[in-house]
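What you see is a predicted model; the values in this text were computed from it and never measured.
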Protein chains: 2
Amino acid sequence: MVDLQKVIDAKSYCYKLVEKSFEKNEMITSYIEKRKQIFILISGEATLIRYDVRGNKDIVDFFHEGSVFGEAFYNVYLNSEMSVIASKKCKVLTIMLDDVLKKCDSRCKNHDMLNELLLNLLFENTTHLNSRIEVITKRTIREKLLIYFKTLSIESYSPIIRIPFSLTDLADFLSVNRSAMMRELKALEDDGIIQKINKNRYKLLYR
Amino acid sequence: MVDLQKVIDAKSYCYKLVEKSFEKNEMITSYIEKRKQIFILISGEATLIRYDVRGNKDIVDFFHEGSVFGEAFYNVYLNSEMSVIASKKCKVLTIMLDDVLKKCDSRCKNHDMLNELLLNLLFENTTHLNSRIEVITKRTIREKLLIYFKTLSIESYSPIIRIPFSLTDLADFLSVNRSAMMRELKALEDDGIIQKINKNRYKLLYR
DNA sequence: AGTATAATGTTGCTTATGCAACATAAAACA
DNA sequence: TGTTTTATGTTGCATAAGCAACATTATACT
């Protein structure tokens, strides 16, 4: 894997990397059709939030270290407004899509290095998105919860999982009704399938 | 954008591209944990199908020219079986993930070219996956249909859209019940929001 | 510390969606 | 061309999930 720091340090004429910091709850970006920005999350956690016409909130995605995001990856529609909010203190790197895709006259080493970095990040990101689809295509709340928890468990190599946001947000993330989800969580506990440890930690009693 | 043919022609010692053809309904690949293969669809159309423990079929994804797929992008779980089936005659290119990610001793030009190609394909793919998530996170069948149709409409620059598979498969793709979806399609027609043209073509009367 | 705000937990009722079963039409096949 | 298979269309009933309203607990704020 390419060293991120190396790419940051390697100043180049053909692209410009800008590093920025954000406090908790600050808006990192909102998706506007015209810009074509790419963000790489260096540290912290953030959520991509969408408000639809009726004002309903959806957690469209959750980002952590190494996540790539930005309106460059979205077909931005006029009827929904998306923004990325830091849920913890964040450090991000921004690049313009055009800078990445354009060919520099002489194939410069730095550009190739940037490509390699982005390729690696996009790889992981694709896997992440596929997992997310795996979760939300499940038909019942119970199945969504179980698959999502399993993903978290596999990622952390542990049967004890930490949900990276509030239960209220989890419901939005799984795109289900919150109280229905609470009901289901209780049912899963009653059935001895999961066990609540604290606020956002559960122990999985299945495999 | 890098020319695909150029990459195919550029023989290199550090990676191996293999071109394969598949007839309609043939299985292109099934996702097995151990392999780390990447497929690029050169021509044709294919669907990624999952059968869960209970035998329910889900259309997890739909691939067309330029799509990238393979178990390399999946956290393959033991409890669901996935396979890619050609829905039309297909030509695909296969590469091993390890060949892409490994560093060759001397940074070879061909490898950089391959990286650039893959980066471009993954870009588009990420956008595609995000659109898909946009669709299935919608809470009602009606909204799912409308957003999906809108996506198709934007892609084809036309209010007349072609659903790339049967209505039965569309229901699996949106992960909703088929008869409930049929009911909703009819309701959308009755409400003058869409208009059926033929088997899998609809005209959108909204924007 | 005390107040305001947001998250969690719980319930009764409503509704959209799932499910099953069937008829009809269209493809696929031989 | 006739036969089999698959897709489409439709319905009544069952149920999971949505919604609203509220109490309780935790967190944030000054």
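- Between the Asp58(B) side chain and the Val60(B) main chain, no donor and acceptor come within less than 3.5 Å of each other.
- Within the 4.5 Å cutoff, no side-chain heavy atoms of Ile161(B) are placed close to those of Thr151(B).
- Residues from residues 160-173 of chain A that place a heavy atom under 4.0 Å from any atom of DNA chain D: there are none.
- In this structure a side-chain-to-backbone donor-acceptor pair under 3.5 Å is present from Ser131(B) to Thr127(B).
- With a 4.5 Å cut-off on side-chain heavy atoms, Phe165(B) and Thr47(B) count as touching.
- A distance-only check finds no donor-acceptor pair linking the side chain of Ser153(A) to the backbone of Phe149(A) [under 3.5 Å].
- Rounded to an integer number of Å, the gap from CZ of Arg178(A) to P of dC22(D) is 15 Å.
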Close N/O contacts between protein and nucleotides 28-30 of chain D (under 3.5 Å):
none

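- Each side chain to side chain donor-acceptor pair (under 3.5 Å) pair with one or both residues in residues 85-97 of chain B, not counting sequence neighbours, appears once here: Glu23(B)-Lys89(B).
- Taking a 4.0 Å limit (strictly below) on heavy-atom distances, residues 179-188 of chain B reaches DNA chain D at Ser179(B), Met182(B), Arg183(B), Lys186(B).
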Derivation and outcome, ring pair (Phe, Tyr, Trp, His ring centres under 6.0 Å), residues Tyr148(A) and Phe173(A): CA-CA 10 Å; Tyr148(A) 178 56; Phe173(A) 185 68; 5.3 Å; yes
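- Counting only heavy atoms from C-beta outward, the side chains of Val68(A) and His128(A) never approach each other to under 4.5 Å.
- Listed by residue number, the members of residues 192-202 of chain A with any heavy atom below 4.0 angstrom from DNA chain C are Lys196(A), Lys199(A).
- Counting non-hydrogen atoms under 4.0 angstrom, Arg142(A) reaches nothing in the nucleic acid.
- Arg178(B) and Asp169(B) are not joined by a salt bridge, as no carboxylate oxygen comes within less than 4.0 angstrom of a charged side-chain nitrogen.
- Within the structure, the salt bridge (Lys or Arg N to Asp or Glu O under 4.0 Å) test picks out the following pairs touching residues 190-199 of chain A (sequence neighbours left out): Arg142(A)-Asp191(A).
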